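Reviewing the structure listed below.
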Amino acid sequence: MANIFVNATQARKDSRNNTVIHNEVRAIEGNVIANIDAGVLYANVSSNTTMTDSNTYYNVFNGLTTDPTKLDQINYVKKHFTDLGYGVNITTNVSSNNTIVWNISW
């Protein structure tokens with residue numbers, strides 16, 4: 001019997017904003033590649049991305065507000081890099097105190 005309703009896995013996938021995730025991953029990758037070329041073993045991405053420039057993601061990541069979609073986006077980006085073997089730590093941007101920093105290490 002064919003499903004007439006979307007299953008939970010597909011619903012989760014469809015609710016992600018793929019553009020946000022794609023752009024976030026590409027921005028982090030660009031920083032990683034630049035630092036690899038410079039002989040550095042880490043990249044700290046603190047600005048010029050959707051997630052690092054928005055206090056909404058900071059609030060969600062730190063449990064100050066609830067937005068399951070945005071938390072899923074953060075976790076998806078983090079998983080992308082951990083699946084590639086990178087260390088990933090998300091910290092507070094000390095310049096703003098209300099945005100995140102991606103700390104990627106290898």
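From a predicted model like this one, the values you see are computed outputs, not experimental measurements.
- Alongside Phe5, the hydrophobic cluster contains Val6 (criterion: ILVMFWY side chains under 4.5 Å).
- Applying the salt bridge (charged side-chain N to carboxylate O under 4.0 Å, His left out) criterion to Lys78, with sequence neighbours excluded, gives no partner residue.
- Sorted by first then second residue, the salt bridge (Lys or Arg N to Asp or Glu O under 4.0 Å) pairs that include residues 81-106, not counting sequence neighbours, are Lys79-Asp83.
- Annotation: ring-ring contact (aromatic ring centres under 6.0 Å, His included) contacts involving residues 57-82, sequence neighbours excluded, are absent.
- Met51 and Leu84 fall within a single hydrophobic cluster, where Ile, Leu, Val, Met, Phe, Trp and Tyr are joined by side-chain heavy atoms under 4.5 Å apart, directly or via other members.
- If you chain together hydrophobic residues whose side chains sit under 4.5 Å apart, Leu41 and Val45 fall into the same group.
- Side-chain heavy atoms closer than 4.5 Å link hydrophobic residues (I, L, V, M, F, W, Y) into clusters, and following such links, even through other members, never connects Ile21 to Val60.
- Formation of a donor-acceptor pair under 3.5 Å by the Glu24 side chain with backbone atoms of Val77 is not found in this model.
- Contact of the Asn23 side chain with the Thr19 side chain is registered, since non-hydrogen atoms from C-beta on lie closer than 4.5 Å.
- The CD1 atom of Ile28 lies 12.0 Å from the CD1 atom of Ile33; values are rounded to the nearest 0.5 Å.
- Nearest heavy atoms, Ser96 versus Thr99: OG-OG1, 2.6 Å.
- Applying side-chain contact (heavy atoms from CB on, under 4.5 Å) to Trp102 and the options Ile74, Asn31, Val32 leaves one that passes, Ile74.
- The salt bridge (Lys or Arg N to Asp or Glu O under 4.0 Å) analysis of residues 91-106, with sequence neighbours excluded, yields no pairs.
- Using a 4.5 Å cut-off between side-chain heavy atoms of Ile, Leu, Val, Met, Phe, Trp and Tyr, with links allowed through other members, Val25 and Ile90 fall into the same hydrophobic cluster.
- Counting only residues at least two apart or on different chains, no side chain to side chain donor-acceptor pair (under 3.5 Å) pair has a member in residues 34-48.
- The side-chain contact (heavy atoms from CB on, under 4.5 Å) test applied to Asn89 returns Thr91, Asn103, not counting sequence neighbours.
- Residues passing the side chain to side chain donor-acceptor pair (under 3.5 Å) test with Thr50, sequence neighbours excluded: none.
- Residues passing the side chain to side chain donor-acceptor pair (under 3.5 Å) test with Gln10 are Asp14, sequence neighbours excluded.
- Applying the salt bridge (Lys or Arg N to Asp or Glu O under 4.0 Å) test to residues at least two apart or on different chains, none of the pairs has a partner in residues 55-64.
- Residues that satisfy the salt bridge (charged side-chain N to carboxylate O under 4.0 Å, His left out) test with Asp53, not counting sequence neighbours, are absent from this structure.
- Residues satisfying the ring pair (Phe, Tyr, Trp, His ring centres under 6.0 Å) criterion with Tyr86, sequence neighbours excluded, are Trp106.
- When atom types are taken as modelled, the side chain of Asn62 and the backbone of Leu64 share no donor-acceptor pair closer than 3.5 angstrom.
- The CD1 atom of Ile36 lies 10.0 Å from the CD atom of Glu29; values are rounded to the nearest 0.5 Å.
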